[in-house]
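This report concerns only the one structure given below.
Remember, it's a predicted structure, so these values are computed and weren't measured experimentally. Residue numbering restarts at 1 for every chain, and letters A, B, ... go by the order of the sequence lines.
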Amino acid sequence: MPNPKNKVNLSSLPDLKNATDDEIVQILATKGYTQIFNLIDVRLMLGFVSVIVAAAAAGYDYYVGFEKAKPFTAIGVSLYFVLNVAFTAWIMYVEKGTFYQGSKDGKKISIISTTKKYSPLYNLNVTETTTSKSSQAAKSFTDFFDSNGYIVRLPLENWIDGLILSVVQDDSSAKAKGSKDVRKRE
Amino acid sequence: MLPQLSGVNIRQTLTQALSFCLVLTTTFMFWKGLSVVTNSPSPIVVVLSGSMEPAFQRGDILFLWNRDVRVKVGDIVVYNVKGRDIPIVHRVVRNHASSKKQLLLTKGDNNAMDDLDLYAHRQYYLDREQEVIGSVKAYVPWVGYVTILLSENVWAKYALLALMGFFQMMQRE
């Protein structure tokens with residue numbers, strides 16, 4: 001049943017993080033969340049516009065020669081530099097590791113995942129963006145990867161469910177049900 | 001569910017393609033930026049012949065600066081003869097300067113004769129503005145030999161680029 005293509009190198013932290021991120025995206029798709037691609041799209045646009053600028057400068061320089069193209073090449077290089085700084089700034093200060101944004105029933109959630117080198121922990125930060133309520137938790141990758149390198153969906157799904165519930169649930173309804181414990185549970 | 005996930009997949013492919021493109025364009029823009037700053041169409045050149053030994057060997061990398069209005073006798077310059085693409089690295093041995101232009105005669109240190117035979121038909125001097133692409137300000141020995149190997153085998157360049165692209169696509173950090 002497990003697809004050999006999905007086998008993850010358990011010693012590679014980036015591979016583990018990317019595989020878990022991808023799995024969460026799929027889990028949320030099955031739960032009826034609509035993914036919002038705005039962050040990714042802006043990043044792609046910034047990147048590709050800078051590539052187009054570089055290609056245009058390259059083409060013009062190739063056709064009219066270095067001397068004639070010099071002023072435009074200078075503009076092109078400066079523009080490319082500015083766009084790339086913006087691109088990097090977008091990734092570092094706006095995205096900040098957000099790998100998923102989605103909405104369901106009027107609630108919009110944003111999920112950030114981070115890993116630290118040489119640590120087996122996968123840190124998740126789930127935020128409901130309209131109320132700014134957020135929930136942070138960490139689990140070792142061993143909790144949802146088997147020893148052969150395949151991801152096991154169920155423990156991951158239960159964990160992410162709990163995290164989302166804790167940020168999406170209204171305070172009033174929790175008090176009404178008399179179960180404040182719900183939010184304390186990981 | 002399927003259309004949702006295909007949106008994810010397109011973007012994943014685009015992201016990886018972007019990473020690859022950015023490697024190429026950033027390298028290229030650095031080169032062009034250096035070109036504009038030094039005012040030279042080719043600010044870094046590789047020594048192709050032994051005509052400047054013992055100062056420069058085949059495979060040395062030279063860094064050029066082209067903003068000196070007048071070049072001095074004794075400077076080492078890189079020039080392209082009108083109509084030919086191969087850069088020649090030789091020393092300035094004679095110069096005639098007027099307010100309008102500077103004419104140069106060059107000679108390789110390791111050559112018996114000056115460069116008169118290398119110039120175009122009926123051309124006796126190089127024009128500093130038109131043909132000189134820069135004077136040598138610094139050099140790194142040996143490192144350029146790789147580019148000589150690459151340029152002497154046409155397929156090697158494309159093989160290297162394909163290899164770079166392949167490794168970029170395989171990574172996803």
Problem set entry | Ser35(B) versus chain A, the contacting section by heavy-atom distance below 4.5 Å | both
Problem set entry | Side chain / backbone / both / neither for Ser12(A) at chain B, heavy atoms under 4.5 Å | neither
Problem set entry | Distance (rounded to the nearest 0.5 Å) between Lys32(B) NZ and Phe66(A) CZ | 6.5 Å
Problem set entry | Pairs touching residues 17-55 of chain B that satisfy ring-ring contact (aromatic ring centres under 6.0 Å, His included), sequence neighbours left out | none
Exercise. Same cluster or not: are Ile86(B) and Ile133(B) linked, directly or through other Ile, Leu, Val, Met, Phe, Trp or Tyr residues, by side-chain heavy atoms under 4.5 angstrom apart?
Worked result: no
For this session: Would you check, one step at a time, whether the test side-chain contact (heavy atoms from CB on, under 4.5 Å) holds for Asn84(A) with Met29(B)?
Result: CA-CA 11 Å; Asn84(A) 259 45; Met29(B) 282 285 131; over 6 Å; no
Exercise. If you look at every heavy atom in Gly33(B) and Val77(A), which pair is closest and at what distance?
Worked result: N-CG2, 3.8 Å
Exercise. Is it true that a side-chain atom of Tyr80(A) and a backbone atom of Thr26(B) form a donor plus acceptor pair closer than 3.5 Å?
Worked result: yes
For this session: Answer yes if Tyr125(B) and Tyr119(B) sit in the same cluster of Ile, Leu, Val, Met, Phe, Trp and Tyr residues linked by side chain heavy atoms under 4.5 Å apart, and no otherwise.
Result: yes
Seminar exercise, completed: Separation between CG (Asn9(B)) and CG (Asp22(A)), nearest 0.5 Å, reads 9.0 Å
For this session: Report the distance from atom CG of Leu14(B) to atom CG of Asp41(A), rounding to the nearest 0.5 Å.
Result: 9.0 Å
Exercise. Roughly how far apart are Gln35(A) CD and Arg11(B) CZ, rounded to 0.5 Å?
Worked result: 7.5 Å
Exercise. Ser19(B), Ala17(B), Cys21(B), Ser40(B): which one forms the most heavy-atom pairs within less than 4.5 Å of chain A?
Worked result: Ser40(B)
Exercise. side-chain contact (heavy atoms from CB on, under 4.5 Å) between Asn39(B) and Lys70(A): does it pass, once the steps are laid out?
Worked result: CA-CA 9 Å; Asn39(B) 198 33; Lys70(A) 233 191 317 183; 2.3 Å; yes
Problem set entry | Neighbour count >12 (heavy atoms, 6.0 Å) for atom NZ, Lys104(A) | yes
For this session: For residues Gly47(A) and Leu22(B), report the shortest heavy-atom separation together with the two atoms involved.
Result: O-CD2, 4.3 Å
Exercise. More than 12 non-hydrogen atoms from neighbouring residues, nucleotides or ligands closer than 6.0 Å to CZ on Arg153(A), yes or no?
Worked result: yes
For this session: Pick one of side chain, backbone, both or neither for Phe81(A), based on which atoms fall under 4.5 Å of a heavy atom in chain B.
Result: neither
Problem set entry | Path from Leu28(A) to Trp159(A) over hydrophobic side-chain contacts below 4.5 Å | yes
Exercise. Do you reckon Leu18(B) sits in the same ILVMFWY cluster as Val23(B), going by side-chain contacts under 4.5 Å, direct or chained?
Worked result: no
Problem set entry | Selection from Val53(A), Thr73(A), Leu44(A) maximising heavy-atom pairs under 4.5 Å formed with chain B | Leu44(A)
For this session: Please check if Trp90(A) and Phe99(A) belong to a single hydrophobic cluster, counting links between Ile, Leu, Val, Met, Phe, Trp and Tyr side chain heavy atoms closer than 4.5 Å.
Result: yes
